[in-house]
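Inspection log for the structure reproduced underneath, given as structure tokens.
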Amino acid sequence: MIKKGMRRQIVLHYILVVFVALLLVEVIFLLAIRTYYYDSVYSKITTHISTAEEFLKYEISGERSPNQLQKVLDFFSMDYTELEVLSTSGDILTSSTGFQPDRTITTSDVPEAVGGSIGRWVGRQAGTNESVMAVSKLIQVSSRDKYVIRYLTSMERIDKDLLNLTLASIGIGAAVMVIVVLFSFGLANSIVKPLNNITAVSAQMAKGRFTARIKGNYRYEIGDLASTLNYMADEIIRSNQIKDDFISSISHELRTPLTSIKGWSETLISGGYDPEETKLGMGIISKESDRLIGLVEEILDFSKLQQNEMKLSIVLMDIKVVLQETILNIWAKAEKKRIHLVLECEDTIYIKGDPNRLKQVFLNLVDNAVKFSPEDSSIVLSAQRLSASEMAVIVRDSGIGISEAHLSRVRDRFFQVDALNGGTGLGLAISQQIVELHNGKLEMDSELGKGTQVTVILPLTEERPTAPALPENGYE
Ligand code: ADP
């Protein structure tokens, strides 16, 4: 007995389908052959009757007598058949065997013949139990005399031939079934074995062994499944690596301000410093605390986005105002590297969005641009309409750029080209998700050593402020 499972399902289905098909074909074939054999016996007899009938009227005449009956017998007799001459009520009057039992024939062929058609009956003969076919026909010998002539022919030989044919076709059917069983086992194994292998490897992966790989050159869907699982394991290893990098970089990011806060606070506790020094120490503590808050907020934002919990406060807003605020916020940082910030935005462009969240996106993009640009360079922020329904904000720098291999991954969470640059690797991932929440797109182009261009595409709105103009801050 085959164990429950796909193998058994495949084998049983195959066997069932082929068995039913074979059975149908064989039954139809054997029935057709039997009908053909029986019909040819019948038609041979009926042809003989009609040829004999043609000459009947010229040959037989006179009164009803044994002589007349003998004449009928001689006239209609046929090789390999027994001929009986019956009265219309079915009594045997004479027969070609000469044996005339005082019998009345009651089989269905006689009333059919009396009714005017050629009667046919197939069955077992009483007494001998031999398989026979009886063909009967009413003939008019003279104006008064009618007889039923009844041919009886043995079907034993035909039945024997048919039995041999049946046995032969059962033999062929059995051979076909054996081939089908072997083939279905082969097919089932070709599916089940790789699946068992894949299940075993995935069980190892589920236990955390992501270095396990599905080996074997599988084809079609199973091949796809194997390579998808292998790919999944690669991705898990990669994201684990990225997470490990993140933990080490975030620890570093947290450690630096904490060390400085701790150092200054201990120094200040020990006392004896003049107000100028105390002010400097407190300033550093405050700045480093801000940095820590910024970091924690970034991580909180990310977790909110991951859980779809970030709610936007959508208002009608002028993008130019947000860009101006962004520049003001980053001005001091850019100034330190003597980086020139340029805003290119001719007129007001209205969109519907969350100004604080969009400012967070642009701040992150410009902050990256400042971080990765050389001193004395320029960063251009431009806003322009792309079509009646879309606008774009472009942040372009001429900094270190990003290689092609890294460009597709910089928007992945926690990814950083170089962890020593500081940051969490979450900025672009968060920015992209905020832009997508605004039904927009974030695209990146970059060339290593030449610079980077980030394009934020956002939908435009036809709505205009109802008041004379938007308030000072540019939002409704
Ligand atoms: P973070 O800046 O906190 O590390 P981001 O998601 O903002 O995280 O950026 C991911 C990485 O993409 C950065 O670490 C940096 O390697 C690269 N990157 C982003 N913007 C730029 C840029 N303008 N020029 C060069 N590299 C960039």
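Each ligand, and each atom within it, is numbered from 1 in the order the structure gives. Just so we're clear, the structure is a prediction, and the values are computed from it rather than from any experiment.
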* Asked: Do Ser382 side-chain atoms and Glu344 backbone N/O form a donor-acceptor pair below 3.5 Å?
  -> no
* Structure fact -> Checking Lys337, Arg338, Lys336 against Asp376 for salt bridge (charged side-chain N to carboxylate O under 4.0 Å, His left out), the one that qualifies is Arg338
* Over-ring placement of Arg34 relative to Tyr38, 6.0 Å and 45° cut-offs -> yes
Which N/O atoms of ligand 1 sit under 3.5 Å from a protein N/O, and at what distances?
from, atom 1, to, atom 2, distance (Å)
ligand 1, 2 (O), Asn368, OD1, 3.0
ligand 1, 2 (O), Lys371, NZ, 3.4
ligand 1, 3 (O), Thr424, N, 3.0
ligand 1, 3 (O), Gly425, N, 3.1
ligand 1, 4 (O), Gln416, NE2, 3.1
ligand 1, 4 (O), Gly425, N, 3.3
ligand 1, 6 (O), Gly427, N, 3.3
ligand 1, 6 (O), Leu428, N, 2.7
ligand 1, 7 (O), Asn368, ND2, 2.8
ligand 1, 7 (O), Leu428, N, 3.3
ligand 1, 8 (O), Gly425, N, 3.4
ligand 1, 16 (O), Val417, N, 3.2
ligand 1, 20 (N), Asn368, ND2, 3.4
ligand 1, 23 (N), Asp397, OD2, 2.9
ligand 1, 24 (N), Thr452, OG1, 3.3

* Asked: Sequence neighbours excluded, which residues qualify as side-chain hydrogen bond (donor to acceptor under 3.5 Å, both in side chains) partners of Glu26?
  -> none
* Asked: Hey, are Asp39 and Arg120 close enough for a salt bridge, meaning a charged N less than 4.0 Å from a carboxylate O?
  -> yes
* **Non-hydrogen atoms of Thr199 and Leu195 that approach each other most closely** => OG1-O, 2.6 Å
